[in-house]
Structure formats: structure tokens, C-alpha cells
Student: 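My questions will all concern the structure given below.
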Amino acid sequence: MLAGSSEQHASSASAPPPPSRPKLALIDRDGGFMQVLARRLDERGWDHTAVASAITPEALVRMRLSALVLDVALVGPDCWSYLESVCTRLPTLPVVVCTGPSSVAQRVRGLRLGVDAWVTKPCHPEELICVVEAAMRRHRRMELAVLDPPTVAGELMIRHELHQAFVGEISVGLTAREFEILAMVVQSDRVLRREEIYERVWGYAMAHGDRSVDVFVRKLRQKLRAASPGWDYIHTHFGVGYRFAPLPDPSFVSSDEPVAQPQATRSHLVYTGPPAD
Amino acid sequence: MGLAEILAPSGREYFALFEQAGANVLRAADLLDQMLSSYPDRRELASDILVCEHEGDRITHDLIHHLNQTFVTPIDREDIYRLAGALDNIVDYTEEVADYMGLYRVEAPMAQAQQMAKILHRSCEQIAEALPLLRGFQDISQHTIEINRLENEGDRLTREAMAALFDNGIDPMVVIRWKDLYERLEGAIDATEDAANIMENIVIKNR
């Protein structure tokens, strides 16, 4: 039952929520096309960054993109392994390939690796933008479908769409950053390193010695303990990071309960439900 | 102040003020150590450190005032002036670190900054223990040696901490904030070494 309760939390989308203004990375060297495309993106109020060489998947994570447009000709013969690593590392990032003439086999291979759409140059910038928008819409629908059911873990109900956790009807009162950390650890069934958490939540590499993750996890724990005092949710793995596993706190004695008898000391090992109020 | 005191000074006021300054320096460093080791839970300690900074200014002012009033001093006037300044610098840098943590909206400490604050605290303990020994110009070498050792450790830590800020992909805002804070922490630790060197000079000149 314990295993069941800790498995319930494993779910869904892994990337942090995209910013409200769409942010696009364009990996392309076609100066003229980039110029007309940039003008149209500016008119729409999109953020965009043009890059003339491939960006590592780690750097793409840090850029917190809404979508990626890529000319595979720039990457050369390694383009397939590059596409595979980008689509695996960032499964929620819409990826559109916009490149010169290609064979059916190449297009099929790209799409099977996880590319959302393949546009052949020469193309109209408006058409490319529409394809990117369609890919973003598709991803959003998928995310909403996954996020719709709240995640239940121990006494916690995590409502992704509200960016908040609840115990019963009462909000735990998490800040945006605390919620992002909770949502990230909840989705993982392994120990997450501090560096991984920092990179995903803050969007930058973690400086050696930075205690931000520890401080925010401490605040998060305090709030969770106050809202759900009979449970431990986040466990420290010293020198490594944190793991989410909702477990009843064996040291917790409710003020309404009689003092535990000796035979009850192992009761937490056979968990039969949340502690009585 | 009588003529006898002017001509043959006991220097009680100077030594008493230096001891007050030593206690004040130690208190400020202790508060910063506590503030950083529990940051951000005890941010309010910054206002207590500010009180120490005001107290440091008051003591320095009193020392200079005495210096202007006294014809003959128990130790070199220049040394009194320099030691007062060095002790004041320690508290000034300490207060700046505490203040800038708030001004720069630092959310969490760096492990290296916590270690540097501990070094500063230990160095200030040595200063506070050495200052009363100035009354009889007694040997303070064990304290100055320890302060020099701590300063070297502080230098090493600062260099490592600075280098860590320039690894790839770190938020430029983090770099700006912490480079500034590390420099001030290093300034405070360096000021303890300045004070130790001046104290050592005083003892050598007057033994």
C-alpha cells in the first residue's frame, strides 16, 4: 500500500510552464528568411532568438522555450542523433524542422524521432508560423489532458492548473517557486539532484555552493508539515538531493489520539490510511 | 583632565575604548555568522548588525576625540588612529554584507559565504582576545599568527567561490550579487589582518 501511495504521484508533463509570451529559438543560417520571419514574429509580440549553430539540449532546457525551429542542414550528418536527444530530453517542446528539399525517408525518420512538423524550404514565413502555432496548440492540449486530473499523494492534492497544493479544501499556500519544486519532485520516482532541480526551476546552471534549492525545499517542507502534520513527503538524500515519497510520519501523535501503546510502534510499516484527526 | 594625566598618561581611556571596539567587532561578526548560517530565516539580524556599525562609529569618534584632547599618548598617535580605523573597517564591511543581502534580494546563501562568515567570526574572536593584552604590551603573537592563518584560508575560499561563479550557464544576476558580497566578506577578513598587524607593531614598539 505504501508503494501504491508513492506511485500515485508519478505523472505527466516534465518541462516548466512556458512563459506567457511565446519564446521561439530559430536555428538557421538563412539570413534573408530569418529577417522576414523575425519581422512577423515581432509583429505578433513573440520573443525569438536566432542561432547559427546547434544548441545543446541542456542549453535549450535553460532557454525555457515555447517552440524550436531547426534547419537540420546546419547540424549536418549528426542531425538524427541531435533530433533524438532534443526530443527525448524535452518531450514537451514543440520542434519544427524547416529545411531544404528532403526525401520521404528523411522526413519520416525525423517525424518518428519526435519532430512535430517538417516544412520544406522555400516556404512562406506565415506558413511556418502557423505550423509552429499548430504544434504548440497540440502540445498544450496534450498537457491539459494530462494535467486535468489532480495528482493525489498522501493527504495532498496537487492541482497543476491552479499551481497549488491542497489538503482537503485548504490551500497549502505555496509560492510559484515552491510549487514548481513540488511539481517537479512529485513527477519523479527517483532521487533528484539539487543541480537538476535548480536547472529546471531557475532555468540556469547551479553555482557550486548555492543553497537555493535547500532553502526552498525547507520552506516547502514547513508548509507541507503545517498543512499535513502526519506525513513526510520530501526525503533528503544527503550529498545528493531530494526524493518525493508520501509516508506517514511515525513520530507524529495527534493531539486527539491516546499515547501510542508499545505494540503500535510498528504500525507505520503496515499503513492502512491517513492518521485520524 | 589634570596636568599629571596630560603629561604622564595612563592611557586607560584608549585601552578601554579599544576593548569596547573589540567586543563590538566580535558581536557584529557573530551576528553575521548567525544570519548567514540560518539565512533567510533570521534576516532581521541585519538591523542588529547596523546597531554595531553605529556603535563602532561612536567608539572611533571617541578615540579620535581623545587623541585631539591629549598631549601625550600611551602609544604612538599614528598607531591609535590606524588601529581605530582598522577595527572600524571590520564592522563596516560586516554591516555592508548584511545590508547587501537584503538590497540584492538574495533568496538563499552560498555555502562559501557561510564558511567565510565563520572565518571572520573566528578571526574577530582572536582580535577581541588580543586587544586587552595591549594594556601591558604583552605577547599577542599566538593571536596574530592565528589571524594570519585564517586570512589565508579566507583568501583561498574567496578565490574558489569567485571561480565557481564563472562556470558555464550561471545566472548573471547571481554572479553580480555574489561577486560583490564575496568581495565585501574578503574585505572584512582582510581588515582583521590589518588590525592584527597594527597591534603587533604596537607591542613591538612598546615592549
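First the proteins, then the strands, lettered A, B, ... as listed; each starts at 1. Every value quoted in this text rests on a predicted model; they were computed, and no experiment measured them.
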Student: Which one of A:Asp210, A:Val215, A:Asp214 satisfies the side-chain contact (heavy atoms from CB on, under 4.5 Å) criterion with B:Pro109?
Tutor: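 By the side-chain contact (heavy atoms from CB on, under 4.5 Å) criterion, B:Pro109 pairs with just one of A:Asp210, A:Val215, A:Asp214: A:Val215.
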
Student: Return the CZ to CG distance between A:Arg62 and B:Asp171, rounded to the nearest 0.5 Å.
Tutor: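 Rounded to the nearest 0.5 Å, the CZ-CG separation comes to 11.5 Å.
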
Student: So for B:Gln114, is it side chain, backbone, both, or neither that comes closer than 4.5 Å to the heavy atoms of chain A?
Tutor: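 The side chain, not the backbone.
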
Student: Look at atom CZ of B:Arg27 and say whether more than 12 heavy atoms of other residues, nucleotides or ligands are closer to it than 6.0 Å.
Tutor: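 Check fails, neighbour count at 12 or below.
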
Student: For the NZ atom on B:Lys179, are there more than 12 heavy atoms of other groups (residues, nucleotides or ligands in this structure) within a distance under 6.0 Å?
Tutor: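 No - once you tally the heavy atoms of other residues, nucleotides and ligands closer than 6.0 Å, there are 12 at most.
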
Student: A quick test of your reading: do over 12 heavy atoms of other residues, nucleotides or ligands sit less than 6.0 Å from CZ of B:Arg156?
Tutor: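 Counting neighbours around CZ of B:Arg156, more than 12 heavy atoms of other residues, nucleotides or ligands fall under 6.0 Å, so yes.
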
Student: Kindly check if the number of other-residue, nucleotide or ligand heavy atoms within 6.0 Å of NE2 (B:His65) is above 12?
Tutor: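 At most 12 heavy atoms, drawn from other residues, nucleotides or ligands, come within 6.0 Å of this atom.
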
Student: If you round to the nearest 0.5 Å, how far is OH of A:Tyr198 from CD1 of B:Ile170?
Tutor: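 Separation between the atoms: 8.0 Å.
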
Student: What heavy-atom pair brings A:Ser212 and B:Ala108 nearest, and what distance separates the two atoms?
Tutor: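 Where A:Ser212 meets B:Ala108 most closely, the heavy atoms are CA-CB, 3.3 Å.
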
Student: With only heavy atoms counted, which part of B:Phe166 is less than 4.5 Å from chain A, the side chain, the backbone, both or neither?
Tutor: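 Contact with chain A is absent: no heavy atom of B:Phe166 under 4.5 Å.
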
Student: To the nearest 0.5 Å, tell me how far A:Arg211 CZ sits from B:Glu107 CD.
Tutor: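 If I round to the nearest 0.5 Å, the distance is 14.5 Å.
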
Student: Just checking A:Met34: does its CE atom have more than 12 heavy atoms from other residues, nucleotides or ligands closer to it than 6.0 angstrom?
Tutor: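 Yes, the 6.0 Å shell around CE holds more than 12 heavy atoms from other groups.
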
Student: Does NE2 in B:His61 sit with more than 12 non-hydrogen atoms of other residues, nucleotides or ligands closer than 6.0 Å?
Tutor: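 Result for NE2/B:His61: open.
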
Student: Can you establish whether the number of heavy atoms outside B:Tyr81 located under 6.0 Å from its atom OH is more than 12?
Tutor: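 It does not: B:Tyr81 OH has 12 such atoms or fewer within range.
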
Student: On a heavy-atom basis, which atom in B:Pro40 and which in A:Lys219 lie closest, and how many Å separate them?
Tutor: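 Here B:Pro40 and A:Lys219 meet closest at CG-CE, 4.2 Å.
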
Student: Can you find a heavy atom in the side chain of A:His208 that is under 4.5 Å from one in the side chain of B:Gln112?
Tutor: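 In short, these two side chains touch, coming nearer than 4.5 Å.
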
Student: Grab the two heavy atoms, one from A:Tyr204 and one from B:Pro172, that are nearest each other, plus how far apart they are.
Tutor: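 Where A:Tyr204 meets B:Pro172 most closely, the heavy atoms are CE2-CD, 3.9 Å.
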
